[in-house]
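Just so it is clear, the values below take in all heavy atoms, side chains as well, and ignore hydrogens, waters and symmetry mates. Counting starts at 1 for both ligands and their atoms, following the listed order. Computed from a predicted model, the values in this text were never measured in an experiment.
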Amino acid sequence: MRPRVAVVGAGAAGLMAAIHAARRGQCGPVVALDGARTLGAKILVSGGGRCNVTHHAVDESAFAGSTRLAIRKVLRRFDVARTVEFFADLGVALKREETGKLFPVSDRARTVLDAVLRAARESGVGVRHPWRVESIERADGAFLLRSASGERREADRVVLAPGGCSLPKTGSDGHGYAIARSLGHSITPRVFPGLVPLTLPRDHPLCALSGLSVPVRMEVRSASGRRLTQVEGSLLCTHFGLSGPAALDISRYWIDARFDDPGAALVARWLPAITPDALDAALRGLGPRTPGSLLENWLPDRLVRVLCALAGVDAGRPGHRLTRPERKALARAVLEMPLPVTGDRGFGYAEVTAGGVPLAELRLETMESRVCRGLYLCGEICDVDGRIGGFNFQWAWASGYVAGVSVGAC
Ligand SMILES: Cc1cc2nc3c(=O)[nH]c(=O)nc-3n(C[C@H](O)[C@H](O)[C@H](O)COP(=O)(O)OP(=O)(O)OC[C@H]3O[C@@H](n4cnc5c(N)ncnc54)[C@H](O)[C@@H]3O)c2cc1C
């Protein structure tokens, strides 16, 4: 008997879909095909090897890509409480950390991967790998899937969950987009890395602060100076440039803005709670004390030295001898320091892909394609990317669940 359902990609979204399709039990056998030799590599590396399964407060505002309304429709079908319950049923207790992120109590991503693979097997899903799907054709009302080595499989319904392009060595190399296109879908004109570290010129002073992590507000500004987006979080200086949650979260907005506006710029506000007027007043009131000693009340001394150097101000000069232009230059370095980003580290270092199949091409109650009957899509192949903190897995669990229960109810 040919499998009624073939799931392409046994990552987070594909396994979730396969488990729920098989559990429904109303369709025939379910097979999950994955091109990778080692299954679940991305789950294993996620969250620094601990797998940040979800976040305690997930809503559509944490995502970009398709419209918020569309994203919300899918998220609310399988919310965080259901994710927690799903994993508890699999024997994986989750704990919430101060940041709101949820991790397995074991602190091991392996616990999560083993549990979902076991659940897939116990629900009767046949997991075949390495079985890389090269092409999918419509034939006699069914789907014909061909592997790279020429093997063939037929299925009545297909769930396409091959991920995007991020970390291609784990198996998600973007070929899924070609398959989606061949079945009639469009892909957003822009597909680019998200949650990706950003590079600075090698001789930029921040690169010399490698290892320093500081809370910051980062803003993307248009060439005309308008604020387009802002995020707050910690910024990690590295030998190549910028990483850490704030840089990763803002990266997709900076990259996206530059497509339309090559003059768009990234700006750091090292003391988000202080206004320019308040900082100027504090500098004016220094008397014999130095600007260095003032800033060191709030910022690491290594950073203070860099900020003063960039402003052309001697950190050890008595405050009453600072000129007005010097105070202005220092305030600008502290409160709106331009970050001359040269680029990003690419898909090899990105945690997610921005862009993909627009949700407008799917029936969101089922995740079935509007352009190809019997085809369902879920996970990162969709034009949805979330911020750091467990949001991308929550999208994978939720969209995989909706696709799975729908494809399984035939
Ligand atoms: C380093 C890193 C850390 C991350 N940490 C977190 C985190 O802690 N929390 C969080 O929420 N998100 C995290 N993410 C993002 C999260 O891992 C992804 O959003 C999520 O895995 C997407 O799930 P998916 O199933 O759609 O795609 P994937 O996980 O990419 O799975 C797709 C699967 O499809 C297979 N495949 C691809 N093409 C084919 C084909 N043609 N034929 C057969 N199989 C194919 C691949 O081998 C892969 O197994 C992280 C990502 C990275 C790269």
### Message
Which of the numbered atoms in ligand 1 are under 4.0 angstrom from any heavy atom belonging to Gly47?
### Response
5 (N), 6 (C), 7 (C), 8 (O)
### Side-chain ion pair, Asp107 and Lys95, N-O less than 4.0 Å
yes
### Query
Is there at least one pair of N or O atoms, one from His175 and one from ligand 1, spaced under 3.5 Å apart?
no
### For Asn52, atoms of ligand 1 separated by under 4.0 Å from a heavy atom
7 (C), 8 (O), 9 (N), 10 (C), 11 (O)
### Task
Give the residue, atom name and distance (to 0.1 Å) of the protein heavy atom nearest atom 39 (C) of ligand 1.
Pro162 CB, 4.0 Å
### Query
Taking 4.0 angstrom as the limit, do Lys328 and Glu326 come out as a salt bridge?
no
### Contact with ligand 1 for Gly164, non-hydrogen, under 4.0 angstrom
no
### Query
Would Thr353 and Glu380 count as having a side-chain donor-acceptor pair, cut-off 3.5 Å?
yes
### Query
Does Asp344 pair with Arg252 as a salt bridge, N-O distance under 4.0 Å?
no
#### Entry: Shortest reach to atom 37 (C) of ligand 1 by a heavy atom, considering only Gly9, Pro130, Gly171
Gly171
### Message
Please determine whether a side-chain nitrogen of the Lys or Arg among Arg221 and Glu336 lies less than 4.0 Å from a carboxylate oxygen of the Asp or Glu.
### Response
yes
### Message
I need the contact type for Ala41 against ligand 1. Using non-hydrogen atoms and a strict under-4.0 Å cut-off, is it side chain, backbone, both or neither?
### Response
neither
### Task
Taking the side chain as every heavy atom from C-beta outward, state whether Val405 and Arg24 have any pair of such atoms under 4.5 Å apart.
yes
### Query
Any N/O of Val8 closer than 3.5 Å to an N/O of ligand 1?
no
#### Entry: NZ/NE/NH1/NH2 to OD/OE distance under 4.0 Å, Glu60 and Lys73
no
### Query
Does a side-chain heavy-atom distance below 4.5 Å link Leu330 with Cys308?
yes
## Note on the structure
atom 4 (C) of ligand 1 sits nearest the protein heavy atom Glu351 OE1, 3.4 Å
### Task
Just let me know how Asp34 lines up against ligand 1, side chain, backbone, both or neither, with a heavy-atom cut-off below 4.0 Å.
both
### Message
For atom 26 (O) of ligand 1, what's the nearest protein heavy-atom neighbour? Residue, atom name and distance, please.
### Response
Glu380 N, 2.8 Å
### Query
Backbone or side chain, does any N or O of Lys42 fall under 3.5 Å from an N or O of ligand 1?
yes
### Message
Under 6.0 Å between ring centres: does that hold for Phe240 and His204?
### Response
no
### Where ligand 1 meets Ser46 - atom numbers and elements under 4.0 angstrom, heavy-atom basis
3 (C), 4 (C), 5 (N), 6 (C), 7 (C), 8 (O)
### Query
Closer than 4.0 angstrom: is that true for some heavy atom of Asp385 and an atom of ligand 1?
no
### Task
Considering heavy atoms of the protein only, find what lies nearest to atom 25 (O) of ligand 1 and give residue, atom and distance to 0.1 Å.
Ala13 N, 2.9 Å
### Task
Look at ligand 1 and say whether Ser166 reaches it with a heavy atom at a distance under 4.0 Å.
no
### Query
Is there a donor in the side chain of Ser210 and an acceptor in the side chain of Thr238, or the other way round, less than 3.5 Å apart?
no
### Pairwise distance CD(Glu219) to CZ(Arg226) - rounded to 0.5 angstrom
12.5 Å
### Query
Short N/O distance, under 3.5 Å, between Ile381 and ligand 1?
no
### Query
For ligand 1, which atoms sit closer than 4.0 Å to a heavy atom of Trp131?
43 (C)
### Query
Looking at ligand 1, does any of its N/O atoms fall within less than 3.5 Å of an N/O of Gly176?
no
### Query
Going by the ring-ring contact (aromatic ring centres under 6.0 Å, His included) test, which pairs reach into residues 249-276, not counting sequence neighbours?
Phe192-Phe259
### Query
So does Arg217 pair up with Glu232, basic N to acidic O under 4.0 Å?
yes
### Query
Would a line drawn from the ring center of Trp397 to the ring center of Phe393 be shorter than 6.0 Å?
yes
#### Entry: Ion pair check, Arg190 and Asp383, cut-off under 4.0 Å
no
### Query
Which residue and non-hydrogen atom of the protein lie closest to atom 21 (O) of ligand 1, and at what distance in Å?
Phe393 CE2, 3.4 Å
### Query
Nearest to atom 43 (C) of ligand 1, what protein heavy atom do you find, and at what distance?
Gly35 N, 3.2 Å
### Task
Taking Arg269 for its side chain and Ile274 for its backbone only, find out whether a donor-acceptor pair lies under 3.5 Å.
yes
#### Entry: Heavy atom of the protein closest to atom 27 (O) of ligand 1 (residue, atom name, distance)
Gly163 CA, 3.3 Å
### Query
Which of the atoms of ligand 1 are close to Val45, meaning less than 4.0 Å from one of its heavy atoms?
1 (C)
### Query
Quick one: does Val133 get an N or O within less than 3.5 Å of an N or O on ligand 1?
yes
#### Entry: Ligand-side contact atoms (ligand 1) for residue partner Gly379, heavy atom cut-off under 4.0 Å
26 (O)
### Query
Could an N or O of ligand 1 be found under 3.5 Å from any N or O of Ser172, whether backbone or side chain?
yes
### Query
Considering only protein heavy atoms, which is closest to atom 31 (O) of ligand 1, and at what distance to one decimal place?
Gly11 CA, 3.5 Å
### Message
Quick check: do Val159 and Val8 have side-chain heavy atoms less than 4.5 Å from each other?
### Response
no
### Message
With heavy-atom distances below 4.0 Å as the criterion, list the atoms of ligand 1 near Leu33.
### Response
43 (C), 44 (N)
### Task
Record the part of Thr170 in heavy-atom contact with ligand 1 below 4.0 Å; permitted values are side chain, backbone, both and neither.
backbone
### Task
For Ala350, take its heavy atoms, then give the atoms of ligand 1 lying under 4.0 Å from any of them.
53 (C)
